[in-house]
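The structure appears below as structure tokens.
The structure displayed is predicted, hence computed values, not measured ones. Chain letters run A, B, ... following the sequence lines, proteins first and then strands; every chain starts at 1.
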Amino acid sequence: MTTLEFKDVTKRYRIRGTGDFLALDKVNFTLTSGKTIALVGQSGSGKSTIAKILTQLERATSGEVLLDGKPIPRRGRALRSYRQQVRMVFQDPFASLNPYHTIRHHIERPLRLDKVVPNEEVENEVYRLLERVRLEPNDVIDRRPHELSGGQRQRVAIARALASRPSLLIADEPVSMLDVSIRLGVLNLLADLQRENNLGVLYITHDLATARHFSDEIMVLNRGVVVERGNADDVILNPQHAYTRELRDASPNPDKHFAAPGTTSPRS
Amino acid sequence: MRFFLRRTAFYLFTAWAAITINFFLPRFLKGDPVSAYIAKNQGLISPDAAAALRTLFGLDKNQSLLEQYISYWKLLLSGDLGRSFSKGLAPVTDVIASALPWTIGLVGIATIISFVIGTTLGAYAGWRRGSKADALIPITTFFSTVPYFWLGLIAIAFFATTLGWFPASHAYDKGASPELTWDFIGQVINHGTLPALTIVVSSLGGWVLGMRNMMVTVMDEDYVTVAQAKGLPPRKVLINYAARNAVLPQLSSFALSLGFIVGGTLVMELVFSYPGVGKLLLDATNAKDYPLMQGLFLIITLTILVANILADVAYAILDPRTRQSEA
Amino acid sequence: MTQPETAVMAAVADPAPRTARKQTPFTKFAQAFSMFRNGKSITGLCILGFFVLVAIFGDLLAPYGPLDKDFSALRQGPSSTHWLGTTHMGEDVLSQLIYGTRGVLVVGFAAGIIATLIAVIIGVTAGYMGGWKSESLSAITNVFLVIPALPLMIIVASQYENPSLLLIAGVLALTGWAWGSRVLRAQTMSLRNRDFVQAARANGEPLYRIIAVEMLPNLIAIIASSFVGTVTAAVLGLTTLAFIGVIPITNLNWGTILFWAQQNGAFPDFWWWYVPAGLCIALLGMALSLINFGIDEYVNPRLRSAGERAREMRKKGIKVTSSVTAVRTTPTSGTQPDDGAASAPRHASPAVDLDAVTPVAPPAPANPDDTTAR
Amino acid sequence: MTLDKNQERIVTSDNLLTVSNFSVMYDVDPPVEAVRDVSLTLKRGEILGLAGESGCGKTTLAYGIQRLLKPPAVITQGSAIFHDKAGEDIDLNSLDEKQMRAFRWNKASMVFQGAMNALNPVVNIGKQLGDVFTTHRPELSRAERHEESARLLEIVGVGRDRLRAFPHELSGGMRQRVMIAMALALKPQLMIMDEPTTALDVLVQREILQQISDLRKEFGFSVIFITHDLPLLLEISDRIAVMRAGKVVEINTAEQIYHHAEHEYTRKLLASFPSLTGERGDFVRGTSSVETGA
């Protein structure tokens, strides 16, 4: 059971000319393996900053990030093992794979880097990983990213993240750039992988509907502050915080709209 | 405002760098022709002129490098770049002052003309691509790969000597002295046409190609489609929407490539024996007139720096984003 | 909103998904130089190849030694014995040209290599590191851009009685690396923020691997084009220096030929003495520019399609510059005449119309249904 | 506050636009049929949603009707007849360039998706608004043009003080409002909106949609609303046309599409949007088929 804890994490950006911009203001949450938390917020709410701090692409200005109680190491072997535990899937399938390298290279790199399996095993492990994300290995292994569709590319990105057998997976808007009809397919895949490997998943999104259906808990973020947190259904069906309510009512919701024909929904 | 602050900081740094390079240039190059010259012309050079020369060329070993550097700056600020050997010990600054206007006139104006014509042709080629306008690219590229001086020689051989349309050299007829009369100005234009023409033709290729590629990219932007959808006349779409945006990167590359272009076109003055800074530099090199060479290099660099500043100011005027976003 | 519908893109790219082919080292190498696989680059490379061969086999090809004097043929026009005529001292112009090729290419490529090395080191480092380090390196680069190349070369070269080839190449490189470094820095900075580099960093890849394995392959095209650019500048610089006489005649190159021609009154009569040398410089410059065009079009496919596609469409009667979509209703179904752009009245000078071409998309994913909603 | 659409029926009976057997082909090698034999009619004052995934031809159709598609696009078949309020019918395919330019923005205008890129970055928005008037209303004096542009910015809530502002100084939402003001300038009878709110976040999107609905009531123009976001269309449009691979697979009122979608693809599209407040695990319309990914 791995736990990753955000303790009063604040992040300040110094922007030349316009002074400081407070991206995160004392954010607290805990991510544990075996559970999916959705982090919901609009653009500029700071949700991507949280992802960057989790993957140590950026450092928090103040506050602590603890993995199993220990603060994230700055560098060296300890940082390497941290990074092996916490992996990320990026939003844009076109940009998250190196256009020059083949798919085989993308999956092999983490395997060799973290020596997950002995060298002679690497080939089979790559095939196994591709099959687990429901891709036909022979079809894609020697192809380059631009020869695959968006959905296939995102599955390769997921396979790459799983290669080092992490316990926590950060998915930053994993489906928002995919075609509508294949979004649920990829989200279902993430849900299955989460159950099979007892992963802790942080699902970052601006879409309340998918957040509700694919996570146990929802955290609502507004301008760097967690305004509400709770069980997925509670947060959506009876939100406590005004911002959450405003967000839910603004999201398109045909069911409510067509629930009782003729009744005019409350105009706030 | 911030944008200008950053740019001026950069220019000051560049000016300082140019001066420092000029300071170190004679020091790390071998040989010491200057003191030999001073020794030879003991009587002719006044003591302080000799002292100035020694500072400029770091000849007085007893002073530390830093002291030499400081006194070097003092000399510069007082406008004393030493004495020119080949020009009868006249102060370098005066020698340069007489030649600089010619160069600015010829090379400066020709480069600007070439930029303007090149950009317009490029915009047209980008706009009408696929038509015969595409032939513009190979022709102008050929001329830009041709060495400047060779093109000058051919132009002289053909237009001046054989056809006799233009005088082959100098900035004005022999015997005439520079004064502000129409006749004299006529002579200057007559003499300047051929060299200016060759500069324009040989540096045109870069601008045409750059602008055409920019036009092709810009025309796929959304705001051009919006302009079309608004039913605006094609000419307005071409100028106010497409060209206006395509010219920006063109202008910034113009500013930065001035060093290369002006450096190259100075040779034109040798071919046409035009009395500018370029010819002065080449004569000084042959005459091993080191103080004049050092002074010339410094002045040429600073002039290009000024041209750079002007180009940047033009860019800031054309692109509002630089003004607002930085402030 | 990109041009509507990616359906077009799918069809333009190869429709049938190829079966997985083994990525042998050769295909990896070929893939790295795929930028040279287009018309313009190939022609450029052929001309360059010709010059390289001439440089290598100069001694065998040249009918005479470069300085052999044939006093029976002073200032002779092209003849059977001297294909390109002779100089005022009876030297064979063709031989001088052939021997000169080596001088030009050796110095040109040496300068190109040194300059590109400096450009890659400074440009990529400045691009990868952020903050003041990057700013200061970029300021230094810009200083070298502002400093006039030729005057600096003249001063440095003139200090030496007999500057070696390497020194000349070094001076040319010193004044030629800045442009490449600037372009590389910009490209590296954009690559650095791309997700696949961030992913590599997040996976714990060491720095050298991130630069060498992840970023460098994507920079090859830019490095190649800055190398070609520097060689072109070096060739022009070298020949100009030789023409001015700053470089002594021991280093024979096309510029020296022109120096002699100009000194000994070849202009305008003895055209065979000065025309070929100038043309060779131009031809070499043209070849290098063609290679650069090829690389530009590889890096930005939209440029390639712009010209070719527009020409194709003109043949099909589609007025490329029309800002209004052409209507070509086949006579059977449509009632209206086949009008629209095709039969727009051809007044004397067609109004300058906005020319627009559907961009050739980056090679699109295999099956259109699955394309991403952009 | 959800959009309240069925307050009073402003959808009139007469048609504004009749599109019949409309086809668009990209004349590349091999040629691509982007729009295949589409026929639909748009009533005056109606909001018609055009739904479908990327690559289905919805944008090509909308651009094709106004002949805004850049070469190598070619209209190979069919017609688009615009029934002008002033009585006569305009066959868009038969207009030459000059007539087409006169028609554009005057009768039908557009709001584009890429708010960031749809405005000319180097010209202030006042001038860009003014462009429309100088071209289509040359009789207006400078002062009248300035006043008219200022009034437009007031209507859309940007405020007249922003006339001299540049696009990069405005937020995404503000820029989209400027686009709407521009589209409104000549009081057109038809506004085509290409994913106008996709790039905006939900709260701003709702404000913009509310504004579009209010303006429609006030000016009575019809709207063709293009988006892949089917739930959004179900809420705001009168009728919806679902497109796939260049064809309209189904066209019906929003209620019919929601309750009794006939075509299998429409159902699949509906199933791709989980219900916000419906049962967990079920999808937009209560069917519990857990859809497996492609």
Side-chain angles (χ1 to χ4, degrees), chain B residues 10 13-14 17-18 21 25 29-31 126-131 134 141-142 145-150 153-154 156-158 161-162 213 216-217 219-220 222 224 228 234-235 237-238 242 256-260 262-264 266-267 270 281-282 285-286 288 293-294 296-297 300-301 304-305 308, chain C residues 1 3 139-140 142-143 145-152 154-156 158-160 179 182 232-233 236 239-240 243-246 255 258 262 267-268 271 274-275 277-278 281-282 284-286 288-289 296 300 302-303 306-307 309-311 313-314 320-321 323 351-357 359:
Chain B
F10 163 65
F13 171 74
T14 317
I21 289 175
L25 217 51
L29 293 176
K30 67 165 183 47
W127 180 272
R128 306 277 298 164
R129 64 185 174 287
S131 70
D134 270 3
T141 319
F142 172 74
T145 53
V146 162
Y148 295 138
F149 58 89
W150 187 70
L153 291 171
I154 301 282
I156 294 177
F158 191 68
T161 332
T162 344
N213 289 350
V216 167
T217 330
M219 271 191 282
D220 287 314
D222 294 348
V224 171
Q228 276 182 334
R235 194 171 302 284
V237 176
L238 162 67
L256 282 170
S257 60
L258 273 172
F260 178 74
V262 169
L266 291 184
V267 180
L270 173 70
L281 180 63
L282 299 173
T285 326
N286 298 339
K288 296 277 187 270
M293 277 161 62
Q294 299 300 99
L296 278 169
F297 173 68
I300 294 171
T301 311
I304 290 173
L305 197 58
N308 224 303
Chain C
M1 154 212 78
Q3 178 67 17
I140 293 169
N142 286 344
V143 162
L145 273 175
V146 168
I147 290 178
L150 206 59
L152 183 63
I154 290 169
I155 291 177
V156 172
S158 65
Q159 303 284 343
Y160 294 87
W179 193 261
R182 206 177 101 85
T232 321
L236 270 179
T239 41
T240 314
F243 173 72
I244 299 169
V246 163
L258 290 171
Q262 217 257 349
F267 291 84
W271 56 268
Y274 57 83
V275 170
I281 302 173
L284 181 59
M286 201 60 186
L288 292 166
S289 312
D296 280 352
N300 177 356
R302 182 181 292 135
L303 296 179
R309 186 180 299 273
R311 269 185 294 281
M313 284 190 290
R314 260 174 216 291
V320 170
T321 59
S323 58
V352 175
D353 296 310
L354 174 69
D355 179 353
V357 171

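- Counting heavy atoms from C-beta outward, B/L282 and C/I154 have side chains that approach closer than 4.5 Å.
- If you tally non-hydrogen atom pairs under 4.5 Å between each of C/L152, C/T239, C/L284 and chain B, the highest count goes to C/L152.
- Contacts of C/S289 with chain B are made by side-chain atoms alone, with heavy-atom separations under 4.5 Å and no backbone atom involved.
- Taking CD1 from B/I21 and CD1 from C/I147, the interatomic distance works out to 3.5 Å, rounded to the nearest 0.5 Å.
- Ranked by heavy-atom pairs shorter than 4.5 Å toward chain C, the options B/L258, B/T14, B/I154 are led by B/T14.
- Looking at B/F10, the atoms closer than 4.5 Å to chain C (heavy atoms on both sides) all sit in the side chain, from C-beta outward.
- Ranked by heavy-atom pairs under 4.5 Å with chain B, the first of C/P148, C/G285, C/P151 is C/P148.
- C/L258 is linked by a side-chain contact (heavy atoms from CB on, under 4.5 Å) to B/F149, B/W150, C/F243, C/Y274, C/A277, C/I281, counting only residues two or more places apart in sequence or in another chain.
- Across C/A233, C/A139, C/G245, the residue that shares the most heavy-atom pairs under 4.5 angstrom with chain B is C/A139.
- For chain C, the nearby parts of B/L153 are the backbone and the side chain; heavy atoms of each come within less than 4.5 Å.
- For the set B/L296, B/L270, B/L305, the entry with the most heavy-atom pairs within less than 4.5 Å of chain C is B/L305.
- Contact between C/V146 and B/I304 at its shortest, heavy atoms only, is O-CG2, 3.5 Å.
- Annotation for C/A282 and B/P147: closest pair N-CD, 4.4 Å, computed over non-hydrogen atoms.
- For B/A17 against C/V143, the heavy-atom pair with the smallest separation is CB-CG1, 3.8 Å.
- Residue C/L288: no heavy atom, backbone or side chain, is found under 4.5 Å from chain B.
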